[in-house]
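What follows is a single structure, written as structure tokens, with notes after it.
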Amino acid sequence: MPHKTLVIGGGAAGIGAAGGVKAADPANTVVVYTDFEDVGYSPCGIPYVHGKEIDSFERLFLAQKEAYVQAGIDIHYEKHVESIDVERKRVTVQGEGEVAWDRLVIATGFDYADPGVPGGGLEGLYYVKNIRRAMEWDKVLDTAKTAVVVHATPLGVEMTTALAQRGLETHLVDPQPWALADIVDPDIIAPVQESWLELGAHLHFNTTLEAFRGERTVSSVATSDGELPADIAVVCTHKRPNISLAAQAGLMVGPTGGLVVDERMATTVADVYAAGDCAELPHGVTRLGVQGLTGSHAYAQGKVAGFNAGGGTKRYQPVYVPWGTPAGKWVIGGASFGETTATALGIPFMVGQAEGISRARYYPGVKKVKIKLLAEPVQRRLIGAQMVGQEGIKERADFLATAVKFGLTLDDLAAMENVYSPAIGALNEPIVLAAQNGLESVPHGR
Ligand SMILES: Cc1cc2nc3c(=O)[nH]c(=O)nc-3n(C[C@H](O)[C@H](O)[C@H](O)COP(=O)(O)OP(=O)(O)OC[C@H]3O[C@@H](n4cnc5c(N)ncnc54)[C@H](O)[C@@H]3O)c2cc1C
């Protein structure tokens, strides 16, 4: 029997969920509430418009509003959901009052962590998310000369690259010893940091943010490394699950701060689902909860949550987290986790690494690819990988995440077949070289 599903959130998870509800049964009613003026655009492209690699924000829109109307998805723009009543199956919407639902999908996403220093209310602090605000900030960037990027998170990495390429005097401030220190190993990020210096960026690691300073608008950023000039401060702090509504409604929050869901993306309350950056999911290797994954995870989770809310049955599996991003003049990527995380979690591992090439050595445009494979030391099953190169990183990250998921060993990878075609692949695939090197470090006969 058709249901009425409300979706709170118009990001990747919310739009995925709305489509999932309709896919389960086209007769279902689905209503989406979003604070924003738009849905169906890729926030992921915003840093590249700021960096002038994409020529307009309009290119980031994936669908027009009319397309959702035609798909039977009723989207209420600029409508804030103020509360959820799970007993009476109602939400209260600003300007609309109480709205009833049969099923609810919470896809409220993330907020950037509060930098927690004086001056947070000044103008000139840019939190990159809403495309309309990005369009306005891009005009500010036309006249800005100096920028401070606060924290070397994935977005901080992209914004540092974009602003340095755009010609701003760009300072990156982070309390940790290297960029992306929570996820990326220092040897993988080292060439990226060198390339930022070549682009003219100023790197302030092991540096604490102390205050944003200025009269009404920020003009400098105080740090433990001194005062940095700032016509604009781009706040790229860690993503935090936006769960205040759900927590007030009594849904269970897990140790990472994300909403607890089962494999159907169902929360701890009947008929309420959650998806995207507001939820936490088990990591496939450690089975520990992780949150703050990527837009592709959010969209896929949304589709599962919506399909189940709409009366279907789908399961979302533990995550093996393929990831990748351009960074400076390089592309970095990986799957699962690297040495730093494995060490922090006390997970035993062995390493196989190699520096290979992306094409035949004689073919124009050939690039270096550094690959590091982590395997558990007894069966030599792959548990993680990290890479730095300039091409082919995304495809290797996707493949290696699948290799971790299906339990491939270093022995399997060392004997892997590979494409050799001068313009697109070398005779010796770097993954194979890394696996072989790892095996050579094992005492003979083991
Ligand atoms: C600048 C930027 C770059 C990114 N780059 C990448 C990338 O390269 N690759 C990648 O995979 N992902 C990228 N992402 C995606 C990102 O990291 C997240 O994983 C993704 O946005 C999560 O989607 P979501 O739908 O869960 O949440 P969000 O995108 O946070 O959307 C949350 C939605 O909920 C709405 N909302 C929240 N509370 C309420 C309320 N009370 N009432 C009404 N509406 C509400 C908001 O208006 C919004 O529509 C990027 C995101 C940004 C902002």
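The first residue of the sequence shown is numbered 1, and numbering continues consecutively from there. Ligands are counted one by one from 1 in listed order, and the atoms in each one are counted from 1 as well.
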Do Gln317 and Lys405 have side-chain atoms, one donor and one acceptor, less than 3.5 Å apart?
yes
For residues Pro229 and Lys145, determine if any side-chain heavy atom of one lies less than 4.5 Å from a side-chain heavy atom of the other.
no
Flag the pair His297 / Tyr316 as yes when their ring centroid distance falls below 6.0 Å, and as no otherwise.
no
Under 4.0 Å from any heavy atom of Asn242, which atoms of ligand 1 are there?
37 (C), 38 (N)
Distance-only N or O hit between ligand 1 and Phe110, under 3.5 Å
yes
Residues Lys129 and Asp35 bridged, charged N to O under 4.0 Å:
no
Could you see which bit of Lys79 sits under 4.0 Å from ligand 1, with heavy atoms only: side chain, backbone, both or neither?
backbone
Using heavy atoms and a threshold below 4.0 Å, how should the contact between Ile46 and ligand 1 be classified: side chain, backbone, both, or neither?
neither
Considering only heavy atoms of Leu155, which atoms of ligand 1 have at least one such atom less than 4.0 Å away?
1 (C)
Run the numbers for me: atoms of ligand 1, each under 4.0 Å from some heavy atom of Ala107, listed by number.
32 (C), 33 (C), 34 (O)
Answer with yes or no whether Asn130 contacts ligand 1, where contact means a heavy atom under 4.0 Å from a ligand atom.
no
Is there a polar contact, in the sense of an N or O pair closer than 3.5 Å, between Ile8 and ligand 1?
no
List every atom of ligand 1 that sits less than 4.0 Å from any heavy atom of Leu245, numbering the atoms from 1 in the order shown and giving each element.
41 (N)
Check: Gln386/Asp187 side-chain N/O donor and acceptor closer than 3.5 Å
no
With no hydrogens and no angle check, just 3.5 Å: does a side-chain donor-acceptor pair link His3 and Asn28?
no
State if Gln94 counts as touching ligand 1 under the rule of any non-hydrogen atom under 4.0 Å.
no
Quick test: of every protein heavy atom, which one is nearest to atom 45 (C) of ligand 1, and how far off is it to 0.1 Å?
Asp35 OD2, 3.3 Å
Does only the side chain of Tyr48 get under 4.0 Å from ligand 1, or the backbone, or both, or neither? Count heavy atoms.
neither
For Gly9 and ligand 1, does the shortest N/O to N/O distance drop below 3.5 Å?
no
Looking only at protein heavy atoms, what sits closest to atom 17 (O) of ligand 1 is Lys239 NZ, 2.8 Å
Between Ala13 and ligand 1, does any nitrogen or oxygen pair lie at a separation below 3.5 Å?
yes
May I ask you to identify the nearest protein heavy atom to atom 6 (C) of ligand 1, giving residue, atom name and distance to one decimal place in Å?
Cys44 SG, 3.1 Å
Checking heavy atoms under 4.0 Å, the part of Val39 that sits near ligand 1 is neither
List the closest protein heavy-atom neighbour of atom 42 (N) of ligand 1: residue, atom name, distance to the nearest 0.1 Å.
Val81 N, 2.8 Å
Indicate, as side chain, backbone, both or neither, the part of Glu158 found under 4.0 angstrom from ligand 1 when only non-hydrogen atoms are considered.
side chain
Pro43 heavy atoms within 4.0 Å reach ligand 1 at atoms 1 (C), 2 (C), 3 (C), 51 (C), 52 (C), 53 (C)
Polar-atom distance check: Lys129 versus ligand 1, any N or O pair below 3.5 Å?
yes
Within the 4.0 Å heavy-atom shell around Ala298, which atoms of ligand 1 are there?
22 (C), 23 (O), 26 (O)
N/O separation below 3.5 Å, Val128 to ligand 1
no
Looking only at the side chains, is there a donor atom on one of Ser224 and Glu210 sitting less than 3.5 Å from an acceptor on the other?
no
State, without any angle test, whether His80 and Glu82 hold a side-chain donor-acceptor pair at a distance under 3.5 Å.
no
With a 6.0 Å cut-off on ring centres, are His204 and His171 close enough?
yes
Lys65 to Tyr77, cation-pi by 6.0 Å centre distance and 45° axis angle:
yes
Which ligand 1 atoms does Gly11 reach within 4.0 Å, using its non-hydrogen atoms?
25 (O), 31 (O), 33 (C), 49 (O)
Thinking salt bridges, do Arg359 and Glu391 make one under a 4.0 Å N-O criterion?
yes
Is it true that Arg240 and Asp277 have a side-chain N and a carboxylate O under 4.0 angstrom from each other?
no
I'd like to know if the side chain of Thr161 pairs up with that of Trp196 as donor and acceptor (distance under 3.5 Å, no hydrogens or angles considered).
yes
Donor-acceptor side-chain pairing of Glu169 and Thr146 below 3.5 angstrom
no
How close do Asn206 and Pro177 get, heavy atom to heavy atom, and via which atoms?
OD1-CA, 3.4 Å
Near Tyr33 (heavy-atom distance under 4.0 Å), the atoms of ligand 1 are 43 (C), 44 (N)
Any nitrogen or oxygen of Gly295, main chain or side chain, under 3.5 Å from a nitrogen or oxygen of ligand 1?
yes
